[in-house]
Amino acid sequence: MKHYIIVKFYEDYNYLESVDNIKTLFNESLEINNINNVEIYVSNSKLSNRYDLMIIMTLDKEALIEFDNSWIHKKWKEDYGKYIENKTIFDCDI
């Protein structure tokens, strides 16, 4: 399955300074069994109605549960949750 996390940060937060740290954090999830791939994309648009960052994880349903309960997910929420204005989570079969 694919797990999409699409994020819009608050305008006053310079998320570009954190992209490398976010990539490093999410790449740690590859240590979880059956998380097969992580891709992170930064938007190429600065329009106000666009989102800033998209994280795509390829994994199975059990791995998603494990990820949701992992230290990685907790750290993501603790370190970056306060800077997120809005987010969309979307899961689908591939």
Side-chain angles (χ1 to χ4, degrees):
M1 69 180 283
K2 294 276 188 179
H3 175 66
Y4 294 82
I5 306 167
I6 305 169
V7 179
K8 181 168 186 66
F9 291 101
Y10 287 110
E11 190 174 317
D12 62 347
Y13 177 65
N14 185 356
Y15 68 93
L16 293 173
E17 292 179 351
S18 298
V19 169
D20 286 340
N21 290 335
I22 292 169
K23 286 180 179 181
T24 299
L25 178 63
F26 273 84
N27 281 329
E28 289 284 335
S29 69
L30 293 170
E31 297 298 318
I32 296 172
N33 195 30
N34 294 319
I35 294 182
N36 303 314
N37 193 35
V38 174
E39 302 168 71
I40 298 179
Y41 299 94
V42 175
S43 177
N44 64 1
S45 174
K46 295 300 175 198
L47 297 173
S48 63
N49 64 343
R50 301 294 194 268
Y51 280 57
D52 302 310
L53 191 74
M54 179 170 65
I55 302 164
I56 305 171
M57 302 174 76
T58 305
L59 64 161
D60 67 20
K61 289 182 181 184
E62 292 78 22
L64 179 57
I65 294 166
E66 196 169 337
F67 172 75
D68 279 346
N69 293 319
S70 72
W71 69 269
I72 301 158
H73 189 236
K74 289 178 182 136
K75 183 165 180 57
W76 161 249
K77 289 169 49 173
E78 287 173 9
D79 290 359
Y80 301 101
K82 59 187 166 244
Y83 304 117
I84 295 173
E85 179 180 342
N86 204 351
K87 69 179 176 180
T88 298
I89 307 297
F90 181 80
D91 298 321
C92 63
D93 292 325
I94 51 174

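In this chain, residues are counted from 1 in sequence order. Keep in mind it's a predicted model, so treat the numbers as computed, not measured.
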Q: Using only atom types and a distance under 3.5 Å, with no angle test, would you say the side chain of K8 pairs donor to acceptor with the backbone of N49?
A: no
Q: Atom CD in E85, atom CZ in F9: separation rounded to 0.5 Å?
A: 11.0 Å
Q: So L59 and H3, do their side chains get closer than 4.5 Å, heavy atoms only?
A: yes
Q: Starting from I65, can I reach W71 by hopping between I/L/V/M/F/W/Y residues whose side chains sit under 4.5 Å apart?
A: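 Not linked; separate clusters.
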Q: Is a donor on one side and an acceptor on the other found under 3.5 Å between the side chain of S70 and the backbone of H73?
A: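 Yes, because the side chain of S70 sits within donor-acceptor range (under 3.5 Å) of the backbone of H73.
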Q: For S45 and R50, work out which heavy atoms get closest and say how close.
A: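 Heavy atoms only, the tightest pair is OG-CG, 3.4 Å.
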Q: Looking only at side-chain N and O atoms, does S18 offer a donor or acceptor that is under 3.5 Å from a partner on Y13?
A: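 Note: Y13 and S18 side chains meet the donor-acceptor criterion.
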Q: So, for I22 and I55, which heavy atoms are closest and what is the spacing to 0.1 Å?
A: CG2-CD1, 4.4 Å
Q: Nearest 0.5 angstrom please: Y15 OH to L53 CG, how far?
A: 7.5 Å
Q: For K75, enumerate each residue passing the salt bridge (Lys or Arg N to Asp or Glu O under 4.0 Å) test, keeping only those at least two apart in sequence or located in another chain.
A: D79
Q: Could you check whether N86 and Y51, counting side-chain N and O atoms only, form a donor-acceptor pair closer than 3.5 Å?
A: yes
Q: Give the cluster check for I56 versus I89: same hydrophobic cluster or not, with ILVMFWY residues linked at side-chain heavy-atom distances below 4.5 Å.
A: no
Q: Considering non-hydrogen atoms only, spot the tightest contact between I5 and V7 and give its length.
A: CG2-CG2, 3.8 Å
Q: Indicate yes or no: at least one non-hydrogen side-chain atom of L64 is less than 4.5 angstrom from one of M1.
A: yes
Q: Please check if I32 and V38 belong to a single hydrophobic cluster, counting links between Ile, Leu, Val, Met, Phe, Trp and Tyr side chain heavy atoms closer than 4.5 Å.
A: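 The answer is yes; both residues are in one hydrophobic cluster.
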Q: What residue pairs, at least two apart or across chains, pass ring-ring contact (aromatic ring centres under 6.0 Å, His included) with a residue in residues 17-36?
A: F26-F67, F26-W76
Q: Any donor and acceptor pair, going by atom type alone, linking the side chain of K2 with main-chain N or O of D91 inside 3.5 Å?
A: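 Here the side-chain-to-backbone pair does not exist.
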Q: So L25 and N21, side-chain contact (heavy atoms from CB on, under 4.5 Å) or not? Walk me through it.
A: CA-CA 6 Å; L25 178 63; N21 290 335; over 6 Å; no
Q: So D12 and Y83, do their side chains get closer than 4.5 Å, heavy atoms only?
A: no
Q: Test of understanding: clusters of I, L, V, M, F, W, Y form through side-chain heavy atoms closer than 4.5 Å, transitively. Do Y10 and Y80 belong to the same one?
A: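 Different hydrophobic clusters.
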Q: Is there a side-chain contact (heavy atoms from CB on, under 4.5 Å) between I35 and M57 once you walk through the steps?
A: CA-CA 7 Å; I35 294 182; M57 302 174 76; 3.9 Å; yes
Q: Side-chain contact, heavy-atom cut-off 4.5 Å: I84 with K87?
A: yes
Q: Could you name each residue pair satisfying side chain to side chain donor-acceptor pair (under 3.5 Å) that touches residues 22-35, not counting sequence neighbours?
A: N34-D60
Q: Show your working on side-chain contact (heavy atoms from CB on, under 4.5 Å) between D52 and V42 and close with a plain yes or no.
A: CA-CA 6 Å; D52 302 310; V42 175; over 6 Å; no
Q: When you look at CG of N37, are more than 12 heavy atoms from neighbouring residues, nucleotides or ligands closer to it than 6.0 Å?
A: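 Yes, the 6.0 Å shell around CG holds more than 12 heavy atoms from other groups.
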